[in-house]
Amino acid sequence: MSHNLNIASIRGDFPILNEVVNGKQLVYFDNAATTQKPRLVLDALAGYYEHYNANIHRGIHHLAEKATSAFEQSRKRLQAFLNAAHSEEIIFTYGTTDGINLVASSYGRKFLKEGDEVIISTMEHHSNIVPWQMLCEEKGCILKVIPINDQGELLMDEYEKLLTEKTKFVSMVHVSNALGTINPIKEIIAKAHAVGAKVLIDGAQASSHIEIDVQDLDCDFYSLSLHKIYGPTGMGILYGKRDLLNAMPPYRGGGEMIKEVTFAKTTYNELPYKFEAGTPNIADVVAAKFALDYVDALGKANIAAYENELLAYATGAVKEIEGLRIIGQAKEKVSVLSFVIDGIHHQDIGVLLDQQGIAVRTGHHCTQPLMNRFNITGTSRASFAVYNTIEEIDKLVQGLHKVKRMLR
């Protein structure tokens, strides 16, 4: 064993794994969509609402001060999680999508102009396609796309050909949600910086699998969601280099993001509050710290090693199923297994597996251009987390055999 984890004990930390679905104990393989939450996080959410529910920053009473302290502790915890140089470089958002939209709307609208070029890749989630399309339509910019090979890996030589003095922004996924591919982000960033372009990294899938050091990567922006790291939904962060964030205009207007308001003029707050208008998602921000504490207690290296074992076992097992084809076989990937079965629609696979208590994701996974690249409408996707087991994978394989018998 290359890890040092007690999986049975870990499973005991997640109450939802005791659920029964269609008469079967739940097998949850939809972790790329959202991970389940340990008791530690659930208790933190309840603890906030039961003991110090109050709005933050502007109150002087005990509950407000306690809530504010817990809220800002999470900011510092996330700073450490990404190794950001300054806590004010951590902007609380509603998730990865919100962070990408913030950068496209604020940085993009101020600094990009007609004829400038933005580069993304074929494997991007819609959240990292549509905001840039909207910006390009508004500003007259040109959107360029890096192609991929049949294994689901970026063609880096083609990326280099796309880079010119007109390239002003590169927005790239760290790990593909549909394929599991780990992209060579550090190289991508360095080559973009060499032509003067800024870089945003979509870290939604990477954050629970890979150690992230934004200073080492030298990315300009990094966006992620906590619900994919065993934390609450509706909460994420945008990391941005301090000088860039200071140069950007506010994304939303309202309370908290201001210093002084008159009917003649408004002056804006300092970082990070300039980008955090209105009452935030306080309880979920508070609970996020506990999710990161849980991950760090297990050790990301241990988690990655165990998930790699699960992926290797599952990959070998499903390859024995006649007519099954894995979509995405990059040399470097995380624990995502997407596949199609000849003659069987992916939605039918998902429905019939659910009848057996097995939860997988089916469809285009918000990556329709990627599905078009492989000439398919969608896949079935099993994605593994630290609480999954070899025995559960065996149930998946047995379930797929049963699906084939039922539909052929």
Side-chain angles (χ1 to χ4, degrees), residues 1-3 5 7-8 11 17 21-33 123 148-153 175-182 205 209 303-365 367 370-371 373-408:
M1 300 286 281
S2 56
H3 62 84
L5 298 173
I7 303 305
R11 286 180 63 82
L17 298 181
V21 176
N22 292 320
K24 308 285 187 179
Q25 183 174 357
L26 171 67
V27 174
Y28 185 79
F29 285 154
D30 196 18
N31 296 288
M123 66 180 73
I148 63 174
N149 62 23
D150 290 342
Q151 286 70 47
E153 299 166 321
V175 170
S176 166
N177 71 302
L179 306 176
T181 303
I182 303 173
Q205 295 297 325
H209 303 286
I303 294 172
Y306 179 64
E307 289 175 345
N308 286 339
E309 289 180 12
L310 294 175
L311 178 63
Y313 182 85
T315 300
V318 301
K319 280 183 175 179
E320 300 300 317
I321 300 174
E322 184 180 356
L324 185 145
R325 178 163 56 101
I326 296 173
I327 306 297
Q329 301 191 65
K331 296 182 184 69
E332 299 291 331
K333 63 180 289 188
V334 300
S335 52
V336 170
L337 187 65
S338 288
F339 57 90
V340 295
I341 299 178
D342 292 343
I344 303 178
H345 196 277
H346 50 80
Q347 187 171 348
D348 292 336
I349 294 172
V351 170
L352 293 176
L353 287 176
D354 182 62
Q355 290 179 3
Q356 302 172 62
I358 303 169
V360 299
R361 179 71 47 163
T362 65
H364 53 65
H365 314 296
T367 58
L370 178 62
M371 297 296 113
R373 162 62 178 79
F374 287 101
N375 196 30
I376 56 179
T377 59
T379 69
S380 300
R381 183 188 69 190
S383 47
F384 312 119
V386 70
Y387 40 66
N388 290 129
T389 66
I390 295 294
E391 292 75 21
E392 288 181 318
I393 292 171
D394 289 339
K395 290 181 180 180
L396 171 65
V397 174
Q398 293 163 12
L400 291 172
H401 280 296
K402 185 175 181 179
V403 169
K404 286 189 64 178
R405 289 194 301 268
M406 294 174 69
L407 297 181
R408 284 194 171 178

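The first residue in the sequence is number 1, and the count goes up from there. Because only heavy atoms are used, hydrogens play no part in the values below, and waters and symmetry mates are left out as well, while side chains stay in.
- Considering all non-hydrogen atoms of both residues, Arg11 and Asn388 come closest at NH1-CA, 4.3 Å.
- Atom CD of Gln151 is surrounded by more than 12 heavy atoms from other residues, nucleotides or ligands within 6.0 Å.
- Distance check: Ile327 CD1 to Phe374 CZ gives 6.0 Å after rounding to the nearest 0.5 Å.
- Judged by distance alone, with hydrogens and angles left aside, the side-chain atoms of Asn308 form a donor-acceptor pair with the main-chain N or O of Ala304 at under 3.5 Å.
- In this structure, the separation between CZ on Arg361 and OG on Ser380 is 12.0 Å, given to the nearest 0.5 Å.
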Stepwise side chain to side chain contact (heavy atoms under 4.5 Å, CB included) test for Met406 and Leu352: CA-CA 9 Å; Met406 294 174 69; Leu352 293 176; 3.8 Å; yes

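- Of the inter-residue distances, the one linking Leu337 atom CG with Leu324 atom CG reads 7.5 Å to the nearest 0.5 angstrom.
- Asp342 meets the salt bridge (charged side-chain N to carboxylate O under 4.0 Å, His left out) test with no other residue; sequence neighbours excluded.
- Aromatic ring orientation, Tyr28 versus Tyr387: tilted (interplanar angle from 30° to 60°).
- Counting heavy atoms from C-beta outward, Asp150 and Arg373 have side chains that approach closer than 4.5 Å.
- We find that Lys24 and Asp354 are not joined by a salt bridge, their nearest charged nitrogen and carboxylate oxygen being 4.0 Å or further apart.
- Taking 4.5 Å as the limit, some side-chain heavy atom of Ile393 sits within range of a side-chain heavy atom of Phe384.
- When all heavy atoms are compared, the tightest approach of Thr367 to Met123 is CG2-O, 4.3 Å.
- Put simply, the side chain of Thr181 gets close to the backbone of Gly152: a donor and an acceptor are under 3.5 Å apart.
- Under the ring pair (Phe, Tyr, Trp, His ring centres under 6.0 Å) criterion, no residue pair touches residues 332-362, with sequence neighbours excluded.
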In a table with atom names and distances, give each donor-acceptor pair under 3.5 Å that connects a side chain of residues 310-323 to protein atoms at least two apart or in another chain.
residue: Tyr313; atom: OH; partner: Asp394; partner atom: OD1; Å: 2.5
residue: Thr315; atom: OG1; partner: Leu311; partner atom: O; Å: 2.7

Side chain to side chain contact (heavy atoms under 4.5 Å, CB included) assessment of Val21 paired with Ile358: CA-CA 8 Å; Val21 176; Ile358 303 169; over 6 Å; no

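- Gly328 approaches Leu179 most closely through the heavy-atom pair CA-CD2, 3.9 Å.
- Considering OG of Ser338 and CD of Gln329, their distance stands at 11.0 Å, rounded to 0.5 Å.
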Stepwise side chain to side chain contact (heavy atoms under 4.5 Å, CB included) check, Arg381 with Asp30: CA-CA 8 Å; Arg381 183 188 69 190; Asp30 196 18; 3.6 Å; yes

Verdict with supporting geometry, Gln356 and Lys395, side chain to side chain contact (heavy atoms under 4.5 Å, CB included): CA-CA 9 Å; Gln356 302 172 62; Lys395 290 181 180 180; over 6 Å; no

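- The shortest distance between side-chain heavy atoms of Leu400 and Ile349 falls below 4.5 Å.
- Of all the heavy atoms in Thr379 and Met371, the pair that sits closest is CG2-SD, 4.1 Å.
- No donor-acceptor pair closer than 3.5 Å links the side chain of Glu307 to the backbone N or O of Val334.
- Distance CD1/Ile182 to CD/Glu153: 11.0 Å, rounded to 0.5 Å.
- In plain terms, the two heavy atoms of Gly180 and Val175 that are nearest each other are O-CG1, 3.8 Å.
- Taking 4.5 Å as the limit, some side-chain heavy atom of Leu370 sits within range of a side-chain heavy atom of Ile148.
- By the neighbour-count criterion of 12 heavy atoms within 6.0 Å, atom CZ of Arg325 is sparsely surrounded, having that number or fewer from other residues, nucleotides or ligands.
- For Ser383 against Asn31, the heavy-atom pair with the smallest separation is O-ND2, 2.7 Å.
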